[in-house]
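Data first, discussion second: the structure below is written as structure tokens.
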Protein chains: 2
Amino acid sequence: MTVLAQASDARVAAVDLAAATRAEKDAALLLMADRLVERADDIVAANAVDVANARTGGSSEAMIDRLTLTGERVAAMADGLRQLAALNDPVGDVVRGSKLANGLELRQVRVPFGVVGIIYEGRPNVTADAAGICLKSGNSVLLRGSGSAMSSNAAIVSVLRKAVADANLPANAIQLLDASTRDSVKELMRARGLVDVLIPRGGASLIKTVVEESTVPVIETGVGNCHVYVDEGADLEKALGVVLNSKTQRLSTCNTAESLLVHASMVESFLPMVIEELVAAGVTVHGDPRVAGFDGVVPATEEDWGTEYLSADIAVAVVDSLDDALDHIRRYGTGHTEAIVTESVVSARHFAARVDAAAVMINASTRFTDGGEFGFGAEIGISTQKLHARGPMGLPELTSTKYIVTGNGHTR
Amino acid sequence: MTVLAQASDARVAAVDLAAATRAEKDAALLLMADRLVERADDIVAANAVDVANARTGGSSEAMIDRLTLTGERVAAMADGLRQLAALNDPVGDVVRGSKLANGLELRQVRVPFGVVGIIYEGRPNVTADAAGICLKSGNSVLLRGSGSAMSSNAAIVSVLRKAVADANLPANAIQLLDASTRDSVKELMRARGLVDVLIPRGGASLIKTVVEESTVPVIETGVGNCHVYVDEGADLEKALGVVLNSKTQRLSTCNTAESLLVHASMVESFLPMVIEELVAAGVTVHGDPRVAGFDGVVPATEEDWGTEYLSADIAVAVVDSLDDALDHIRRYGTGHTEAIVTESVVSARHFAARVDAAAVMINASTRFTDGGEFGFGAEIGISTQKLHARGPMGLPELTSTKYIVTGNGHTR
């Protein structure tokens, strides 16, 4: 079946799904969860095929870990769906409303997009997550997973579609696209008019390709070259804590800090401390000339400032002022998360107003940019673009709006 | 100067403009308005060159009318800027906010996009409008007007830039792009990273080109194949009024009705009446077989159903049910404005929930889809896409948001 045919089916399903009540959608989510648990053995068996292929193909242990499903992990997927059922349904929420001078009643209400396309990597748990988030927000979803997870994804989607149908919602609201060929990605990117929005999740090169080639509107996610700036007079304890946590709490996420900028006045007091702790934590410090003299620091190249390492590396530069820090971030940042550690309200206000990023952390770890941490209950990704959604995207970000205007024969 | 160089300058200006207060921006808008009035003679003289060229080139009277400036029209442009000064500044508005369980304070605040590109037709008044709306919302603007209005636009932008500079805001926040060549449009569409959003205003083919070729995020505007559906049991007076107003109040706007769908039960009571009045108003009625028998009706072709006439024509079809009307609209509509005339709350609810459009009118003319009518005070266009903005776009639609998270050394 072609992507366009699948997209057409998804579009038909979306009309019914848009009209479904929260109760109907929640019942489907709970049934999807139950069925995943019931069929966990089959899903794990299907996953074993993918894992075996990955081992044969020489995938890294990290990739195999992300690919592997166990009974416990399937149960966690089911729990995710149950949590979605407990969240508010954004569809139908009145965003604004008023009565116009002529008596017309104006309401702007949230409506589903219609059909959402998601392109993602070899993490089969994303299949259930994305399907659930789209269903709860009233959208049909076209899932284009990784070729490495084909067998797992087919098993999961088969279970989910059956559950949706048994809950009297359209099974075609959840569809898996062919992951054996790049053609399905290409077709998806050209399905303007059938697909309302495309969300690429994954590496920088995939995202770049989709952003440049897609005629379907795209929400760009993920690349994060996040900075922590330690201001003049910053509290040393807070600064140490925020830097260490931002860099080392988890290395491979987009909200992990990749660069540290230190005010020149803090070179003697703070730099030795933070370098010692970073090195002790196993982090390689790439320093500019004013940092390179410290033990265990390797010289930074121009490339280091623009690199999203996703590894135990950090680039460290000394800056002469807050504005120099802002200039550095303007040049190398990716608009994801930028943090300042400061005791000065003037600095905090200036930084927050001037830095161009989805999230600004004042005396807090960059790792807090996350739908779960923000209390959204669910997250489909973190947008680094400015159009439509910026930062962690929860259920409301998967909706559009519609104006409903009620009169009594009103004319202009 | 290349578009990329102009975009870079606009980007630098945008940083300062984003930090400008409402008072600073309003002062600039008022000065811009005063200067337009002071320099009206120069602007009208520059416009005369464009008008003479248009006459030589054989432009239609309608096009020449849209192109022509008079002292009165320049004064109206100035008034538009003064009205903008009186509107609320969306920048800094807190969209949502909360205190998280760990004590972190979360605020999502409105921020300008940065640099907005606008491509538009030969209406010089749009130059001042667009410049004002972008300035008020804290955005730099790159204006790519029509070649036919080059001399007028150059005069207007020169006056506006001088006023902005004299008001101590960056003149480079307002820039006119070369309209003598298509290359400037191409460069603008590829200026991803320098331009944050592109808004094409104009004909369907321009919009299609930009949507398909731009790597800069686009907000699609304008094409409106709007329908009025007259339901079973509709009040005849209200139906007549809404149909006539939707079609004839102004012929060339995107919110003008282009198709009329009439429930089969209304063929004898309503159809003769509405056809008579439409014909009397000078409208050519293109009817399906059940309509074609009436006096003055020409047979509709398949093409008629999908046409945005922008002229004194209307396509009329009889449908057997509300759902058939919805199917027709799903097939031929452009997602702009769809109206129902009905006395039934059940029909009104069903139509509003099921029809896929930026605006749904219940017993009201399609002509109400308009930023001014909606009380927004300013409008940069009407979005027919679902991402970011849908329907009339006012000042808030020209902003993005930023999360500001404040802690006291918080870590995960």
Side-chain angles (χ1 to χ4, degrees), chain A residues 15 18-19 98 100-101 104 106 108 113-114 192 196-197 211-212 215 217-219 235 237-238 241-242 244-245 249 330 341 348 352-354 356-365 367-369 373-375 385-388 390-392 400-412, chain B residues 15 18-19 98 100-101 104 106 108 113-114 192 196-197 211-212 215 217-219 235 237-238 241-242 244-245 249 330 341 348 352-354 356-365 367-369 373-375 385-388 390-392 400-412:
Chain A
V15 176
S98 61
L100 305 180
L104 277 180
L106 180 72
Q108 184 184 19
F113 276 126
R192 192 177 176 92
D196 294 291
V197 59
V211 159
E212 289 187 352
T215 57
V218 173
I219 298 182
D235 180 282
E237 282 295 310
K238 291 181 200 171
V242 167
L244 265 289
N245 189 263
Q249 201 248 346
R330 197 166 300 127
V341 183
R354 291 256 166 179
D356 191 17
V360 185
M361 297 290 159
I362 301 168
N363 295 330
S365 169
R367 291 275 298 128
F368 282 111
T369 303
E373 294 294 325
F374 279 12
Q385 71 178 35
K386 293 183 189 173
L387 212 64
H388 185 72
R390 198 176 190 201
S400 181
T401 62
K402 175 196 270 185
Y403 285 100
I404 299 178
V405 184
T406 308
N408 190 30
H410 282 64
T411 55
R412 276 178 79 176
Chain B
V15 175
S98 61
L100 305 180
L104 276 181
L106 180 71
Q108 183 184 19
F113 276 126
R192 192 178 176 91
D196 293 291
V197 60
V211 159
E212 289 187 353
T215 57
V218 173
I219 297 182
D235 180 282
E237 282 295 311
K238 290 181 201 171
V242 167
L244 265 289
N245 189 262
Q249 201 248 346
R330 197 166 297 126
V341 183
R354 291 257 166 178
D356 192 18
V360 185
M361 296 290 159
I362 300 169
N363 295 330
S365 169
R367 291 275 298 129
F368 283 110
T369 303
E373 294 294 325
F374 280 11
Q385 71 177 34
K386 295 182 187 172
L387 212 64
H388 185 73
R390 198 177 190 200
S400 181
T401 62
K402 175 195 268 185
Y403 285 100
I404 300 177
V405 185
T406 309
N408 190 30
H410 283 64
T411 55
R412 277 178 78 177

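Residue numbers begin at 1 in each chain, while the letters A, B, ... track the order of the sequences.
Both the backbone and the side chain of A:A352 have a heavy atom closer than 4.5 Å to some heavy atom of chain B. For chain B, no part of A:V341 is nearby; none of its heavy atoms comes within less than 4.5 Å. Using a 4.5 Å cut-off between heavy atoms, B:I404 touches chain A through backbone and side chain atoms alike. Using a 4.5 Å cut-off between heavy atoms, B:A353 touches chain A through its backbone atoms (N, CA, C, O) alone. A:E373 touches chain B through backbone and side chain together, each having a heavy atom under 4.5 Å away. Only the side chain of A:A19 has a heavy atom closer than 4.5 Å to any heavy atom of chain B. For A:N408, the parts lying under 4.5 angstrom from a heavy atom of chain B are both the backbone and the side chain. At a 4.5 Å heavy-atom cutoff, A:L244 makes no contact with chain B through either its backbone or its side chain. For chain B, the nearby part of A:L106 is the side chain; its heavy atoms alone come within less than 4.5 Å.
Between the CD atom of B:Q108 and the NZ atom of B:K402 there is a distance of 12.5 Å, given to the nearest 0.5 Å. Note that CG of A:L387 is 5.0 Å distant from CZ of B:F113, once rounded to the nearest 0.5 Å. Of the inter-residue distances, the one linking B:M361 atom CE with B:R367 atom CZ reads 10.5 Å to the nearest 0.5 angstrom. The structure places OG of A:S400 at 7.0 Å from NE2 of A:H388, a figure rounded to the nearest 0.5 Å. B:R192 contributes atom CZ, which lies 7.5 Å from atom CD of A:E212 (distance to the nearest 0.5 angstrom). Separation of atoms NZ (B:K238) and CG (B:N363) is listed at 5.5 Å; rounding is to 0.5 Å.
Most heavy-atom pairs under 4.5 Å with chain B: of the set A:A358, A:A101, A:G391, this distinction falls to A:A358. Of the listed residues B:T369, B:V242, B:I362, the one with more heavy-atom pairs under 4.5 angstrom with chain A than any other is B:I362. Interface summary for chain B: among A:Q385, A:H410, A:R412, the most heavy-atom pairs under 4.5 angstrom belong to A:R412. Most heavy-atom pairs under 4.5 Å with chain A, from the set B:V197, B:T215, B:T406: that is B:T406.
When side chains are defined from C-beta on, A:R354 counts as touching B:V15, because their heavy atoms get closer than 4.5 Å.
Here the closest non-hydrogen pair linking B:G407 and B:L104 is CA-CD2, 3.5 Å.
Of the possible polar contacts, none joining the B:Q249 side chain to the A:T411 backbone as a donor-acceptor pair under 3.5 Å is found.
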